[in-house]
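Written out below as structure tokens is the structure these notes cover.
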Amino acid sequence: MKAVLDHVGIAVRDLPAALAFYRDALGLEIEAPEEVASQHVRARFIPTGQSSLELLEATTPDSPIAGFVEKRGPGLHHITLRVEDIYAVLAQLKAHGARLVDEQPRRGAEGALVAFVHPSSAHGVLVELKQAAGAQDFSPAHTHVTRYALGDLELVSLCDGFFRLDGGAMFGVVPKALWEKKAPPDGRNRIILAMRPLVVRGTRTMIIDAGLGDKESGKFIDIYGVERARNLDHTLAEAGLAPEDVDIVLATHLHFDHAGGFTKRDASGRLRPRFPRAQYIVRRGEWEDATHPHDRNRASYLFDNYVPLAEAGVLQLVDDDLTIMPGVKVRRTGGHTMHHQMVLIESGGKTAAFVADMMPTTAHLSEPWLMGYDLYPMDTLAAKKAFLPEAIAQHMLVFFEHDPVVAAGYIREQEGKRRVVPALNNH
Ligand SMILES: [Zn+2]
Ligand SMILES: [Zn+2]
């Protein structure tokens, strides 16, 4: 096993007094405060090279930190080791009879998976194991549907499984030394990505994008490391939906990881619309580009995914930023493709956004972290600069179509630093 010291947790009785030592006397830089409401704790991180110190202060008397300080006084509370496969490490510890506080990992800050090992097994030290979000973290549990109430609408995040793309291409000019911490690559330098179509149920039932589908060859599946053991068929059923229930299929753009599930082969091998009753809505410019690809975008546009829709007469092309059904409108972002669009959803004074490939994962939150795949990266940058303040101000529920762990979250800004707070089912 390989492990890296992530941070050392120090329980303090008086945070300002502790800051007087670590910040003022030692001269260390301190990050913005973080409140972990569920643990009744206020935390301050102090970066120290590869790892950091974490000062922990109880916010209520029933906080575990309050209990610790009461019993043992302030001081070393825990160490956190970053591991690549937390499930494997927990299994190994269990096999050696170690006492675990958490038998199964749970979700910690920034979507990481964490689990605690009891101090009695670790010679007096509470040990936290942590696996950063995005690593080989795609156990079947993460393909479950998640549901969110938004005013009169219900939003259901589905999953068509996972695939892998070159990590360098996913982060453009960002050095690997930076992105590999957030999205650890496999032996072929690929990072794991989910495909998460979104169902919107209101006056009608809409699905936004439809994943990869099942038409691709063995060679394709190998190159892109496709894992669809659990896919859109399963998650649709789990959401209580049949393909016949879908009235509208809305495309953000026509790349294969978004439009592959628009069609399927019937028993005779003919290509058919996957959702038999649905109208398929595509932006006209995107349709033009997808049906007239050039050398740079040809690998992403596979005619079998969308040309049969026109032949079946179920295609509807739209030109502008229109309302597609009550509460749901599209907005062109450009950037990723010239006519790439995001979807804004609003009901009962609440807003949500399905940002598609403008911000494919939570690791793409930082404005200059843009994909090398983008045809017009400066346009993606402008779209993100416009969108992010809006998302923060409106407390928008943001859906990350390709994030392997976090289906949706809220973007928070504190002292100039932005982060994604994952949103769990609220329904
Ligand atoms: Zn795309
Ligand atoms: Zn994509």
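Scope of the values below: all heavy atoms of this structure, side chains included, with no hydrogens, waters or symmetry mates. When a ligand or atom number is given, it counts from 1 through the structure's own listing order.
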Practice problem: Would you confirm whether Asp374, through its side chain, and Tyr376, through its main-chain N or O, come within 3.5 Å as a donor-acceptor pair? | Solution: no
Quiz item: Has His255 got an N/O/S atom less than 2.8 Å from the Zn ion (ligand 1)?
Solution: yes
Quiz prompt | Check: His258/His340 side-chain N/O donor and acceptor closer than 3.5 Å | solution = no
Quiz item: Between the main-chain N or O of Pro47 and the side-chain N or O of Ser52, is there a donor-acceptor pair closer than 3.5 Å?
Solution: no
Practice problem: Examine Lys182 relative to Trp369 and say whether NZ or CZ is less than 6.0 Å from the centre of the six-membered ring and inside a 45° cone about the ring axis. | Solution: yes
Quiz item: How wide is the angle at the Zn ion (ligand 2) between NE2 of His402 and NE2 of His258, to the nearest 10°?
Solution: 90°
Quiz item: Of all the atoms in His253, is at least one N, O or S atom closer to the Zn ion (ligand 2) than 2.8 Å?
Solution: no
Quiz item: Would one find an N, O or S atom of Asp357, in either backbone or side chain, under 2.8 Å from the Zn ion (ligand 2)?
Solution: yes
Self-check item: Validation row, ring centre Phe275 to ring centre Phe262 under 6.0 Å
Solution: no
Quiz item: Which N/O/S atom belongs to Asp257 and is the closest one to the Zn ion (ligand 2)?
Solution: OD2
